Amino acid sequence: MPLLKRRPFFLLDPPKDLNPEDKVFQVREYLNRVNLYRERVWTCKVSGKSNLTYEEALVSEHHAAEKAQQLPRELIAPVLHMIQYSTLSLTDLVNKIYSILQEDFFEGLELNGRKDGSVSACKILKVIIGSGNTKMYEVGWIGQDNAETNTSVLQADDLVIRKKARASRSMLKIYIRESTSQNSPWIIHANLAKKYGIPTEPPKDLLNGQGLPKLRRGLENGTTDDVRKKLKKGEPIDDLLLRPTADDPSLSKRRPLSTDFRVPVDSVGDLLMVWDFCMTYGRILCLSPFSLSDLENAICHKESNLVLLVELHAALFHLLIKDGGGYFMFLQNKRRKLKVTLVTWAEYLCDFLEMTSKEEFSSSLSTELVDEAITTSAVRQNIDEKIDQQQAIAASKRELARNKKEEHKLAMEGVTEKEMSQTDAAENVNGNVNGQVVEKEGKEKKNIYANKMGEGKVHPRHLGTEMEKQSVQSNSLGKDRYYNRYWFFRHEGRLFVESADSKEWGYYSTKEELDALIGSLNVKGIRERALKRQLDKFYNTIRLAGKKLIIPSIDLCVGRCSNALEKRTKDVTQKMLLQEAALRRSSRVQAQPRDNPSMLFLKYVNKWKEN
């Protein structure tokens with residue numbers, strides 16, 4: 001069913017007492033409704049495509065449903081098993097299933113196996129992990145009418161894959177949405193569960209998961225003895241098990257999230273992923289920094305041949321070409337010139353679509369490009385270098401902690417010796433000298449440790465900052481009681497909130513909203529306790545985000561919220577003042593479009609571009 005403003009839109013039922021011979025007249029309500037159907041305000045529920053008419057949204061949903069049916073038959077059952085009662089977000093679930101499908105053998109896979117000197121059809125029933133992580137496979141032999149006759153345990157060498165089944169991330173994402181009736185946790189349709197033999201009974205370990213209705217009924221019935229015992233001991237428990245009590249601290253009311261994104265709300269995660277990758281690996285891509293707002297505005301602009309978008313795609317294509325992998329070979333076979341320009345970039349995009357067997361453009365195309373870019377040797381080498389640097393910085397931090405501990409120990413020993421010598425001064429005139437000797441030895445050792453730390457390139461005070469710079473990926477700050485994830489990116493001044501099913505996004509942009517969020521977190525729950533700890537830990541200890549013009553790395557910085565939000569508030573205020581000034585000038589002189597702060601993306605120049 002097409003969505004209107006992200007909500008299902010139900011059609012009106014025709015009057016029951018209307019006869020075919022009755023005369024009817026067009027009324028204003030009818031015309032308004034027809035015009036509404038023709039407006040480009042509709043969104044495809046399955047694919048997330050927006051700016052569609054109602055009819056286009058219906059067609060898009062039909063095509064998306066057809067794509068969901070393209071999942072190879074032998075993958076349907078194992079994929080449904082992985083979906084059922086998963087508590088992962090949509091993105092994480094897609095990535096998990098995709099990575100498992102890349103392995104050679106997995107449960108539910110139909111293939112051929114060697115039996116009694118011949119090759120017969122079989123199905124993997126169970127993967128058996130032996131000593132030394134060796135794998136054996138219990139298979140069921142498939143006879144006539146697809147019936148399993150008997151079982152055997154085989155080694156990997158005895159199994160032969162019929163054909164490598166392809167299932168892209170975009171196909172898996174559509175299939176998950178199409179095959180489920182509920183998320184958080186994901187529950188597949190009853191008819192699919194029955195058809196493919198998927199268990200419908202929730203697993204026991206889901207008690208600490210997403211809070212099923214069954215769990216909530218148990219809480220209402222008072223079956224919470226274990227919960228009360230844990231609370232009495234002061235132990236954090238699953239947030240959904242908490243019930244209001246008289247001694248609860250006063251929690252503030254959380255502010256509503258802002259949702260004024262220009263891209264479809266379920267595409268915000270993809271937007272952040274692409275932008276974060278481009279900023280983190282900008283030097284490798286030879287792509288100078290740009291703001292998230294600029295990327296969002298460029299994507300939604302009426303013109304598609306914008307410099308920012310062209311440079312972004314060209315940087316990704318050049319990286320794939322330099323890597324000499326599948327995309328490079330594909331272009332070689334087509335005898336394509338290996339230089340992407342403002343004129344030819346669309347051709348390279350079509351080549352990528354052809355190589356990946358895509359029939360049309362989709363909202364996930366850029367994320368697929370990033371997925372390919374991550375596998376290049378240049379990016380992998382950079383990731384390895386960052387991991388090595390992280391390990392070196394962690395070792396320095398451990399050494400610094402040991403040194404401080406030793407300094408404290410020496411200082412305490414020096415004080416003790418000095419006090420003892422002064423006490424014995426009347427009996428031993430050399431006591432003060434001994435005390436001075438001990439104190440001198442302590443100072444010498446302290447200087448030795450200080451010199452050792454001075455040999456490094458990083459001051460001890462900056463080790464934490466350097467560790468952040470070497471981050472290879474962004475991680476969420478944590479989750480609230482309903483499994484919503486909280487994200488903060490350096491130099492982006494907004495605290496993003498992702499729903500548990502990854503379909504909804506919002507953000508906080510002011511210090512007051514951040515304070516209200518922190519005050520609303522219940523520390524008795526294990527998730528909100530951890531989230532509050534992260535927000536409190538770095539609340540007042542970070543520099544202003546976006547202070548430097550050149551950004552060497554855009555990582556998740558868990559504590560840059562307060563100052564960054566204050567800076568963003570000032571930036572937004574400044575932009576509003578500029579827009580008002582431009583509006584006042586328009587009565588005298590027509591203001592140029594590029595003077596508008598929201599059109600700054602039109603002025604983008606790639607300063608790191610290779611000649």
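All heavy atoms count here, side chains included; hydrogens, waters and symmetry mates do not. Note that the coordinates shown come from a computational prediction; the quantities given were computed from them, not determined experimentally. Numbers here are sequence positions counted from 1.
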Atom CZ of Arg380 with >12 non-hydrogen neighbours under 6.0 angstrom
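Counting other residues, nucleotides and ligands, CZ of Arg380 stays at 12 neighbours or fewer.
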Verdict with reasoning, Tyr98 to Asp371, per side-chain hydrogen bond (donor to acceptor under 3.5 Å, both in side chains)
CA-CA 12 Å; Tyr98 182 80; Asp371 287 340; over 6 Å; no
Taking [X] for its side chain and [Y] for its backbone only, find out whether a donor-acceptor pair lies under 3.5 Å.
X      : Y      : value
Tyr604 : Ser288 : yes
Gln84  : Ile188 : yes
His318 : Val340 : yes

Under a 3.5 Å cutoff, is there a donor and acceptor pairing between the side chains of [X] and [Y]?
X      : Y      : result
Gln381 : Ser377 : no
Trp487 : Glu498 : yes
Glu368 : Ser168 : no
Arg485 : Ser476 : no

Before accepting this row, confirm whether a basic side-chain N of the pair Lys511/Asp515 lies closer than 4.0 Å to the acidic partner's carboxylate O.
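Salt bridge between Lys511 and Asp515, a charged N being under 4.0 Å from a carboxylate O: yes.
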Starting at NZ of Lys524, measure out to CG of Asp238 and round the result to the nearest 0.5 Å.
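Result: 15.0 Å between the selected atoms.
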Only one of Arg527, Arg481, Lys479, Arg529 forms a salt bridge (charged side-chain N to carboxylate O under 4.0 Å, His left out) with Asp239, so which one is it?
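It is Arg527, the one option of Arg527, Arg481, Lys479, Arg529 that forms the salt bridge (charged side-chain N to carboxylate O under 4.0 Å, His left out) with Asp239.
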Tell me if the centroids of the rings in Phe496 and Tyr508 come within less than 6.0 Å of each other.
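That pair fails the under 6.0 Å test.
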Describe, in one word, how the ring planes of Phe352 and Phe317 are oriented to each other, choosing from parallel (under 30°), tilted (30 to 60°) and perpendicular (over 60°).
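Judged by the thresholds at 30° and 60°, the geometry between Phe352 and Phe317 is tilted.
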